[in-house]
Each structure stands twice: as C-alpha cells, then as structure tokens.
Enquirer: 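Below is a structure I'd like to ask you about.
Chain letters run A, B, ... following the sequence lines, proteins first and then strands; every chain starts at 1.
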Amino acid sequence: MSINLQQLKQTQLSLANQVRLSDDFNEPINFIGGTDVGFEDGGNITRAAIVVLSYPEFSVVEYHVARLKTEFPYIPGYLSFREYPALLAAWQQIKQKPDLLLVDGQGFAHPRRLGIASHLGLLLDMPTIGVAKKRLCGQYETLPKQAGNVTPLLDKQQQIGWVLQSKNNCNPLFISAGHRVSQASALKWVNLCLRGYRLPEPTRWADAIASNKSLFKKFLNEK
DNA sequence: GCGACAG
DNA sequence: ATCTTGTCGC
C-alpha cells in the first residue's frame with residue numbers, strides 16, 4: 001500500500017477551507033489542554049499525550065497517554081497524518097474537555113495552511129493553537145534574544161503566524177492559529193501560559209508526561 | 001536543478 | 001521524533 005501525496009495534498013486544501021480563524025471559544029477560560037507526541041521502538045509505536053490544566057492555576061486536572069502502531073511516515077508538510085490517530089485515541093479518554101487546546105506543531109503556518117493544530121482542531125471541532133519549536137515555512141526578521149520579543153511570520157505577502165522569544169537566550173517558538181482562534185488570540189494565550197520556561201505550561205506538561213520526564217515523575221510522587 | 005523541510 | 005554525557009552560559 002503506497003502513499004499518494006497528491007491525494008493527501010487535495011485533502012489538506014479541502015480541509016483548509018473549513019478552518020476558521022476567528023475567535024470561537026468559551027470565556028473565561030477555565031481549562032487549557034496541551035498535546036505532545038513521541039515514538040517508541042524505533043518509530044513503530046506512536047505515543048500521544050494530552051493533558052488538561054486548570055486556568056489560571058495550571059494544576060494538572062487530567063491526562064491520558066495513547067499508544068498506537070505507527071501507520072504513516074514522517075513527511076514534512078504531512079505530519080498530521082502520522083500523528084493524529086494516536087491523538088484522537090488519547091482525546092477519547094479525556095472527560096474534562098478543555099476550552100482551548102495547544103498543539104505541538106504548526107497551525108496555519110503551513111504550506112497549505114493546514115498544520116497539525118488546524119487539522120486536529122477540525123477533527124475535534126475544538127479551538128486550537130499551534131506551538132512549534134521550529135519553522136516549517138515562512139520568513140521572519142531576526143529578533144532580540146530578550147524574552148517577550150515578537151515578530152510576524154510571513155509567507156507570500158501574508159502573515160501566517162508569529163515568532164515569539166518566550167524565554168531569554170532560547171530559540172524562539174513559532175505560534176500560529178489552529179482552528180476557531182484568531183492569530184491575535186493565539187499569541188495572547190500562549191503568552192498567558194508562559195511561566196518562566198520556553199514552553200507554555202500545557203505543552204510543557206504534555207511533553208513531560210509523554211516522555212516521563214522529571215517534572216512528571218515529581219508530580220506523581222507528590223500525589 | 002538546488003536547497004529547505006513541524007515531529 | 002530518537003540515540004545520549006558532559007558542559008558552557010544565563
């Protein structure tokens with residue numbers, strides 16, 4: 001069974017037409033979710049973690065990890081087809097659905113405007129924001145290493161997201177609206193979720209849970 | 001044709 | 001993403 005990228009490309013273009021970049025979520029925000037995906041067994045197993053935090057306390061309310069057999073390779077621009085099955089499995093177990101979901105990876109800042117944050121947002125019909133550690137496409141001006149600096153991420157004369165210096169002397173984050181969230185709110189909510197670390201709390205916790213890092217181990221012991 | 005390329 | 005110790009800088 002081979003992969004038809006031309007077909008998937010059309011699927012992305014079609015789905016991108018359904019993405020809405022205007023704010024459509026409950027306020028005030030009481031719960032914010034975060035996602036992260038990792039791999040095991042040389043990539044044969046996909047491990048997705050979704051965490052729900054209370055806002056503005058950022059205390060862990062719920063989390064789930066789903067492990068599925070990997071069915072799709074990593075192809076730049078087609079990441080969502082590789083990761084969304086496991087994310088959907090983890091999502092089905094979440095009881096307290098969040099008001100907003102921060103997804104690891106691009107949202108609108110994608111060649112066809114359908115990064116994983118947008119794709120997942122459509123599949124779940126949830127407000128989502130893309131938080132990526134690297135650039136996929138677009139250009140931006142170099143920004144000072146001082147936390148708080150922001151510059152637009154541009155592609156073909158249009159703003160597709162933001163480049164945010166979330167912490168001093170760290171590589172910037174690439175923020176973009178996913179679905180049912182405006183570009184302005186995407187940046188605003190990521191900033192509201194920063195607590196002195198490069199990654200916003202929801203993403204930071206999802207990463208810790210997915211990779212069983214010290215932050216998560218410490219959390220389990222104190223419980 | 002050449003280089004870039006989320007996780 | 002993942003394989004992996006120490007090490008430099010804030």
Side-chain angles (χ1 to χ4, degrees), chain A residues 3 5 8-9 11-12 15-16 19 34-50 65-90 101-123 128-140 144-149 153-156 160-179 183 186 190 194-200 202-204 206-214:
Chain A
I3 297 165
L5 288 186
L8 294 179
K9 189 172 185 177
T11 298
Q12 292 183 319
L15 289 173
V19 171
T35 78
D36 188 47
V37 175
F39 297 87
E40 302 172 8
D41 187 28
N44 292 315
I45 299 295
T46 300
R47 169 176 18 76
I50 295 185
V65 177
R67 300 167 74 256
L68 271 67
K69 180 179 179 183
T70 305
E71 305 279 17
F72 199 89
Y74 168 63
I75 301 173
Y78 299 86
L79 173 72
S80 61
F81 294 101
R82 173 178 172 81
E83 305 189 341
Y84 83 68
L87 284 167
L88 291 183
L101 187 60
L102 303 202
V103 180
D104 63 290
Q106 316 290 345
F108 193 74
H110 176 279
R112 290 166 292 286
R113 311 297 182 248
L114 193 84
I116 188 168
S118 301
H119 197 162
L120 189 65
L122 279 175
L123 294 174
T128 56
I129 294 172
V131 179
K133 303 177 196 67
K134 292 180 180 177
R135 180 198 72 101
L136 173 59
C137 66
Q139 305 78 227
Y140 62 98
K145 286 292 185 180
Q146 196 77 44
N149 283 290
L153 178 60
L154 310 169
D155 188 32
K156 300 170 184 173
I160 58 176
W162 308 91
V163 183
L164 170 68
Q165 191 64 43
S166 56
K167 179 181 178 179
N168 291 171
N169 303 67
C170 281
N171 292 318
L173 291 181
F174 298 81
I175 312 303
S176 60
H179 179 50
Q183 294 284 27
V190 167
L194 290 176
R195 281 293 181 280
Y197 295 91
R198 179 163 89 116
L199 300 177
T203 307
R204 182 170 161 258
D207 178 60
I209 292 168
S211 303
N212 193 35
K213 294 185 175 175
S214 57

Enquirer: Here's a test of your reading of the structure: between A:N169 and A:A210, which maps to the more 5' nucleotide of DNA chain C?
Expert: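 Going by which nucleotide is closer to the 5' end, it is A:A210.
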Enquirer: Under 4.0 Å, heavy atoms only, any strand: does A:G115 hit a base, just the sugar-phosphate, or nothing?
Expert: base
Enquirer: Parallel under 30°, tilted from 30 to 60°, perpendicular over 60°: which one fits the rings of A:H119 and A:Y84?
Expert: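 The arrangement is tilted - the two ring planes meet at 30° to 60°.
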Enquirer: Look at all strands and tell whether A:N168 reaches a base, only sugar-phosphate, or nothing, counting heavy atoms closer than 4.0 Å.
Expert: nothing
Enquirer: If I take atom CD1 in residue A:I45 and atom C1' in nucleotide C:dA1, what distance separates them, rounded to the nearest angstrom?
Expert: 14 Å
Enquirer: Separation of A:F174 atom CZ from B:dC5 atom C1', in whole Å?
Expert: 13 Å
Enquirer: State, to 0.1 Å, how close A:A177 and A:S118 come at their nearest heavy-atom pair, and which atoms those are.
Expert: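 In this case the closest contact between A:A177 and A:S118 is O-OG, 3.8 Å.
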Enquirer: Provide, to the nearest angstrom, the distance between the CZ atom belonging to A:R135 and the P atom belonging to B:dA4.
Expert: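 Rounded to whole Å, this separation is 10 Å.
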Enquirer: Heavy atoms only, 4.0 Å cut-off, all strands: where does A:Y78 land among base, sugar-phosphate and nothing?
Expert: base
Enquirer: For the residue pair A:N44 and A:T70, confirm or rule out a side-chain donor-acceptor distance under 3.5 Å.
Expert: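 Looking only at side-chain atoms, A:T70 and A:N44 do not form any donor-acceptor pair under 3.5 Å.
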Enquirer: For A:R82 and B:dC5, what is the distance between atoms CZ and C1' respectively, to the nearest whole Å?
Expert: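 Result: 15 Å.
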Enquirer: Base, sugar-phosphate or nothing for A:Y74? Non-hydrogen atoms, less than 4.0 Å.
Expert: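 Base contact - A:Y74 has a heavy atom under 4.0 Å of at least one base atom.
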Enquirer: For the rings on A:F72 and A:Y78, is their centre-to-centre separation under 6.0 Å?
Expert: no
Enquirer: Expressed in angstrom and rounded to an integer, what is the separation of A:H110 atom NE2 from B:dG7 atom C1'?
Expert: 12 Å
Enquirer: Just wondering, do A:L15 and A:H179 contact through their side chains at under 4.5 Å, heavy atoms?
Expert: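 In short, these two side chains do not touch, never coming nearer than 4.5 Å.
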Enquirer: Once you round it to whole Å, what is the distance between P of B:dA6 and CG of A:L199?
Expert: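 Distance, rounded to whole Å: 16 Å.
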Enquirer: Roughly, in whole Å, what's the span from CD1 in A:I75 to C1' in B:dG7?
Expert: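 Roughly 13 Å, once rounded to whole Å.
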Enquirer: Just the rounded figure in Å: distance from P of B:dG3 to CG of A:L136.
Expert: 19 Å
Enquirer: So A:G130, base contact, sugar-phosphate only, or nothing? Heavy-atom distance under 4.0 Å.
Expert: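 A:G130: no heavy atom of the nucleic acid under 4.0 Å.
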